[in-house]
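Some notes on the structure that comes next.
In what follows, every chain begins at residue 1, and chains take the letters A, B, ... in the order their sequences are listed. Keep in mind the model is a prediction, meaning the values are calculated, not measured.
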Protein chains: 2
Amino acid sequence: MDVRALETLRAVRTQGGVSAAATVLHLTPSAVSQQLAALTRDAGVPLTERIGRGLRLTPAGEALADAAVDVAVAVERARAACAVFLDRPEGTVRVSAFQSGARLLLPGLLTRVAALDGIDLECSDEDVAQDEFPALTDRVDVVVAHRPDGGAGWPGEGARLRVVPLLREPLDVAVPADHPLAGRGSVRPGDLVDEEWIAVRQGFPVARVLEAVAAAAGAPPRIAHRINDFSVVEALVAAGHGVSLVPRHTGGTHPGVRLVALAGVRAGRRVEALLRPDVAERLVVRRVLDELVAEAAEVSGPAPVR
Amino acid sequence: MDVRALETLRAVRTQGGVSAAATVLHLTPSAVSQQLAALTRDAGVPLTERIGRGLRLTPAGEALADAAVDVAVAVERARAACAVFLDRPEGTVRVSAFQSGARLLLPGLLTRVAALDGIDLECSDEDVAQDEFPALTDRVDVVVAHRPDGGAGWPGEGARLRVVPLLREPLDVAVPADHPLAGRGSVRPGDLVDEEWIAVRQGFPVARVLEAVAAAAGAPPRIAHRINDFSVVEALVAAGHGVSLVPRHTGGTHPGVRLVALAGVRAGRRVEALLRPDVAERLVVRRVLDELVAEAAEVSGPAPVR
DNA sequence: ACGTCCATGCAGTGACACTACAGGGACACG
DNA sequence: CGTGTCCCTGTAGTGTCACTGCATGGACGT
């Protein structure tokens with residue numbers, strides 16, 4: 001039973017197909033298909049079944065993919081067992097974050113890690129829909145993700161995916177500086193029924209929060225634009241093209257925008273680090289993760305995260 | 001980090017050298033040496049150090065070998081995860097036992113396993129010293145071993161070695177049928193000070209028990225012969241060449257020999273099954289092990305084993 | 001009906017792990 | 001103190017095997 005093939009099977013599951021798995025594994029689809037065939041022959045039972053033009057894992061395949069995670073964890077533990085005897089942890093860690101999270105955390109993280117000698121950090125920003133965050137763990141080591149506060153957890157959380165909470169960020173209402181509500185200490189959903197909204201794209205993490213706020217006000221929101229980048233959002237808000245929900249620590253940088261706290265409804269997002277369980281065993285990754293947690297605690301203020 | 005090399009490292013530890021490890025792995029010493037070199041390069045720290053003309057694992061090597069066990073366990077779990085989806089467990093299991101244990105347990109085990117379709121059993125008998133039992137787990141799947149009752153456990157028991165208790169067997173004194181003590185219900189160590197003894201070879205499992213018995217009598221034992229095979233021992237006893245300690249369920253088959261219970265001193269042996277933790281994950285091995293435990297319970301009588 | 005996408009099979013090639021053999025150090029013996 | 005033996009470690013050679021590239025077939029959408 002080849003460990004490499006097990007890793008491939010795991011990638012096929014999370015990526016949802018042979019071609020996608022081949023991409024993250026830096027292989028051709030043919031190689032992945034052959035590995036699957038060899039693994040199936042070895043296992044004695046079908047591990048995948050064709051579904052349309054793609055394929056899906058059978059129950060046996062799912063079970064084997066679960067076991068593959070444990071194998072990968074054991075292998076990384078072995079590597080970590082040696083790394084303990086090295087004088088200092090070395091290596092490169094790849095971190096990806098969604099835009100606002102990247103702007104909030106990555107600068108501080110980079111300075112922190114620069115102080116630790118021997119650790120290289122490769123950062124990237126990723127703009128993906130809510131349910132695509134877990135699959136990113138195949139491309140990078142640490143994925144800084146976010147999800148609506150109070151929503152469901154991540155699929156596979158625990159066994160397939162390790163989740164480390166970083167911070168909770170309330171969502172405030174961004175209004176133009178000359179807006180009637182700009183001076184208010186807080187607003188309630190009912191105050192906002194007449195506003196035009198600038199929302200994020202469908203399926204992206206905080207999209208549902210606006211719906212919840214509007215539901216509290218009793219009317220569906222009037223969405224004028226769908227913009228993902230909060231700096232663009234603030235520019236539009238400042239120009240009077242609508243109001244928006246923006247994370248408190250991320251927003252408020254534009255001079256023409258005021259943030260007003262939202263009362264009477266629970267609106268916020270959780271920022272969390274996502275890792276594959278095997279990657280979480282690497283010592284360098286743990287060091288970086290520690291710094292990331294510390295940085296998150298600092299930027300979210302002295303108040304406790306949870 | 002190659003899983004095969006990790007397995008090799010583990011074998012080098014248990015076998016105590018490159019050549020011995022090469023033998024059990026069905027490789028040449030050169031191949032083992034090269035795998036070790038590659039693994040060391042990968043780990044970044046020395047895993048072995050030369051000691052005389054052999055070699056020994058460094059602390060890092062020990063740690064990595066421990067981790068290698070976990071890797072092997074995870075891989076076998078993966079294989080077992082697939083085997084669950086097969087209609088019935090199949091495969092071959094190799095069992096080895098010391099002579100008297102083999103005579104006691106293997107016939108019944110073979111009939112039991114023959115009733116289970118699809119499982120092949122390969123049996124062998126091994127005559128090794130006490131401290132060589134664990135290393136046998138590299139050659140066969142299940143090692144039926146024995147050790148003096150009350151003695152220390154096996155090295156590496158738990159993490160490196162799985163131990164399954166089978167039965168406890170008291171040691172009786174075998175005397176000729178015409179011996180003055182032959183009719184007695186039990187004898188005490190003091191009754192035996194004048195006897196000549198037939199012992200097992202130095203270092204073999206129950207060698208120390210005789211010393212303990214003699215110590216209770218207050219005089220060192222007079223050992224006339226050292227014979228490992230109990231059927232040979234009984235033949236010598238029947239011919240009047242001395243008395244001996246023999247396991248109760250094993251001995252007493254020779255017509256010219258009587259077994260007398262030993263009172264006033266704790267004399268017995270524990271028969272146990274030894275397995276590598278990864279091998280213990282295989283479903284077929286578990287099935288065979290269940291039958292072995294059941295067989296042991298049957299031959300040791302209705303009394304509880306422990 | 002056609003184009004696109006995806007998984008799979010087959011031939012070719014390159015890397016890599018093994019065997020065989022030689023070399024060097026360490027212990028035991030005469 | 002020399003010699004023999006044992007054991008581990010390098011080097012050259014070879015065979016195996018996994019990957020790439022390309023062609024094929026099926027499925028979905030237009």
Check your understanding: How long is the line joining CG of A:Leu9 and P of C:dA7, in whole Å?
Key -> 14 Å
Check your understanding: Over how many whole Å does the gap from A:Leu25 atom CG to C:dA7 atom C1' extend?
Key -> 16 Å
Review point. With under 30° as parallel and over 60° as perpendicular, where do the rings of B:His146 and B:Phe133 fit, or are they tilted in between?
Key: perpendicular
Check your understanding: With distance as the sole criterion, is a donor-acceptor pair present between the side chains of B:Glu126 and B:Ser96 under 3.5 Å?
Key -> no
Exercise for review: Check whether the side chains of B:Thr48 and B:Arg13 place a donor and an acceptor atom closer than 3.5 Å, and report yes or no.
Suggested key: no
Check your understanding: Rounding to a whole Å, what distance do you find between B:Arg41:CZ and C:dA17:C1'?
Key -> 12 Å
Check your understanding: Around B:Arg287, counting heavy atoms of other residues, nucleotides and ligands shown, do more than 12 lie under 6.0 Å from its CZ?
Key -> no
Revision key, fill the gap. Per-nucleotide protein contact along nucleotides 16-30 of chain D, 5' to 3', at a 4.0 Å heavy-atom cut-off (B base, S sugar-phosphate only, - neither), is ---BBB-----SB--
Exercise for review: Round to a whole Å and report the spacing from CG of B:Leu55 to C1' of C:dA26.
Suggested key: 13 Å
Point to revise | Separation of D:dC8 P from B:Leu57 CG (nearest whole Å) | key: 12 Å
Exercise for review: For B:Arg56 and C:dA26, give me the distance from atom CZ to atom C1', rounded to whole Å.
Suggested key: 15 Å
Exercise for review: Go through the side-chain N and O atoms of B:Glu62 and B:Thr58 and say whether any donor and acceptor fall under 3.5 Å apart.
Suggested key: no
Review point. Which whole-number value in Å describes the distance from A:Gln15 CD to C:dC5 C1'?
Key: 17 Å
Review point. Are any non-hydrogen side-chain atoms of B:Asp127 and B:Phe98 less than 4.5 angstrom apart?
Key: no
